[in-house]
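See below for the structure under consideration.
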Number of protein chains: 2
Amino acid sequence: MAQLRTRTAARRSAAVDVSPIEEEAPAPSDVKAPRASAPMNADAPAGDDRDRASPDYEIIELFFFAYRDFVSDPDRMLNSYGFGRAHHRILHFVGRQSGLTIAELLDILRITKQSLNRVLKELIRDGFVEQRAGVTDRRQRLLYLTEKGEALSLAMSAVQQERIARALSKCDAGAREAVLDFLFAMIDPDDSAHVARLVWKEAGRRS
Amino acid sequence: MAQLRTRTAARRSAAVDVSPIEEEAPAPSDVKAPRASAPMNADAPAGDDRDRASPDYEIIELFFFAYRDFVSDPDRMLNSYGFGRAHHRILHFVGRQSGLTIAELLDILRITKQSLNRVLKELIRDGFVEQRAGVTDRRQRLLYLTEKGEALSLAMSAVQQERIARALSKCDAGAREAVLDFLFAMIDPDDSAHVARLVWKEAGRRS
DNA sequence: GAGATATGTCAATAAGGCTGACATAAAAAT
DNA sequence: ATTTTTATGTCAGCCTTATTGACATATCTC
């Protein structure tokens, strides 16, 4: 979207800043991230410049803080049910891909069946998730959310959505596309196809 | 940086692809995230439209997968030292803010001193971190990385940087700014000032 | 000096993961 | 019709990260 200027620019003349004085009590936080701090080799000479790339500390750190707060909302909600974030993930992906099998869920979460089972058992016991035997292959357990589970799952997505919407509202137009591109590209290449299939569905689940 | 055009249009076609159609089966993963899927109320009537916002599943899920892979690199590296991601965080922030106090570190990580101490003790024992008594206040313990610690910390930032650079190289120009804005805006407002100070330094550490 | 602060430490507990060893039912292969 | 493979479940023990609560020690501050 290339909007360097257009918008954004000005921010807290920041960092290096000029004005003397005590900048430290930052106006509770400016709307946008300071500018002009491309991690140096941003547009390096194209050459396979394999040497030293100054770490992009801004992204590294903001990613950490952003993700921490991002998961804190559902965390809080689950707490009242005696659940944790492991439960969140299950509720989320079962909700998103109704009828997926244990194996598929394991593949998405990349945890062991023992770990999954401990948590899944609680969700089933408490009536958030249901299992049904596979139709074509009766060994499989197809997972579904109950109404209760659906409600909780949606509630959690809702709070996360609020945070995302708030964040995007503070960004320039086109930011969402850029963020999607970036996040997708941050995924291990050998996994991106899998994730793409999951996020931008198209494959029919088994019956 | 090389971006197609301004936008990002021309999607998938690569890899398997050939014949037109079949839009759905994402060639083992295309470079960019599919388009045109703004979460509906993206640009709603401006009105305080408080009702229902369709969850932005794309961002929600990509954030999860991206972050998981993002921390997997350092995780692997730390493993060989018998360390975990808790050690990573300490090494990172001590490296970034040489001489910070225990209290400051606790404030950044938002964990208890007991949790911090368990891990910090190991890092000191193994010679990755050093403590010195504060100058003005000798009760304080100022933390510093040793050369060994600095090396490890940089190595971890380096792999993360590589992933980030790779990701940004697949995005349109301006993506980095958009991502920074977004990530920063995803942080709890009451914490963003703190984070801003930390990321875009300006406050002098104590001696 | 008295009290507040910065840090350290012991003990118990929880959540989420892991490995290894088995067990069962149902599908597949021979 | 067996045998083998798969998909799933489960028991047991262990690890890492974090928590809460109770104290202990310097060192500031008033």
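Numbers restart at 1 for each chain; the letters A, B, ... are given by sequence-line order, proteins then strands.
When the side-chain nitrogen and oxygen atoms of Thr112(A) are compared with OP1 and OP2 of dG17(C), none of them lie within a distance under 4.0 Å. The side chain of Arg138(A) contributes an N or O atom lying less than 4.0 Å from OP1 or OP2 of dA26(C). For Ser115(B) and dT19(D), the shortest distance from a side-chain N or O to OP1 or OP2 is below 4.0 Å. Between Arg118(B) and dT17(D) there is a side-chain N or O to OP1 or OP2 distance below 4.0 Å.
Residue Asp137(A) contributes atom CG, which lies 12 Å from atom P of dA29(C) at whole-angstrom precision.
Judged by distance alone, the side chain of Glu104(A) and the main-chain N or O of Thr101(A) form a donor-acceptor pair under 3.5 Å. With hydrogens and angles disregarded, no donor-acceptor distance shorter than 3.5 Å links the side chain of Glu130(A) to the backbone of Thr146(A).
The distance from the CZ atom of Phe70(A) to the CE atom of Met186(B) is 5.0 Å, given to the nearest 0.5 Å.
Heavy atoms of His88(A) sit nowhere under 4.0 angstrom from any nucleic acid atom. Within the nucleic acid shown, Gln131(A) comes within 4.0 Å of sugar-phosphate atoms alone, with no base atom in reach, counting heavy atoms only.
Which of dT8(D), dT19(D), dG16(C) sits closest to the side chain of Thr101(A) comes down to dT8(D).
Donor-acceptor pairing under 3.5 Å, judged by distance alone, is present between the side chain of Gln114(B) and the base of dG21(D). Checked by distance alone, Arg139(B) brings a side-chain donor or acceptor within 3.5 Å of a matching partner on the base of dT5(C).
Looking at which nucleotide of DNA chain C each of Asn117(B) and Gly84(A) is closest to, the 5′-most match is held by Asn117(B).
Ion pairing of Asp73(B) with Arg163(B) is present here, as a side-chain N (NZ or NE/NH1/NH2) and a carboxylate O approach within less than 4.0 Å.
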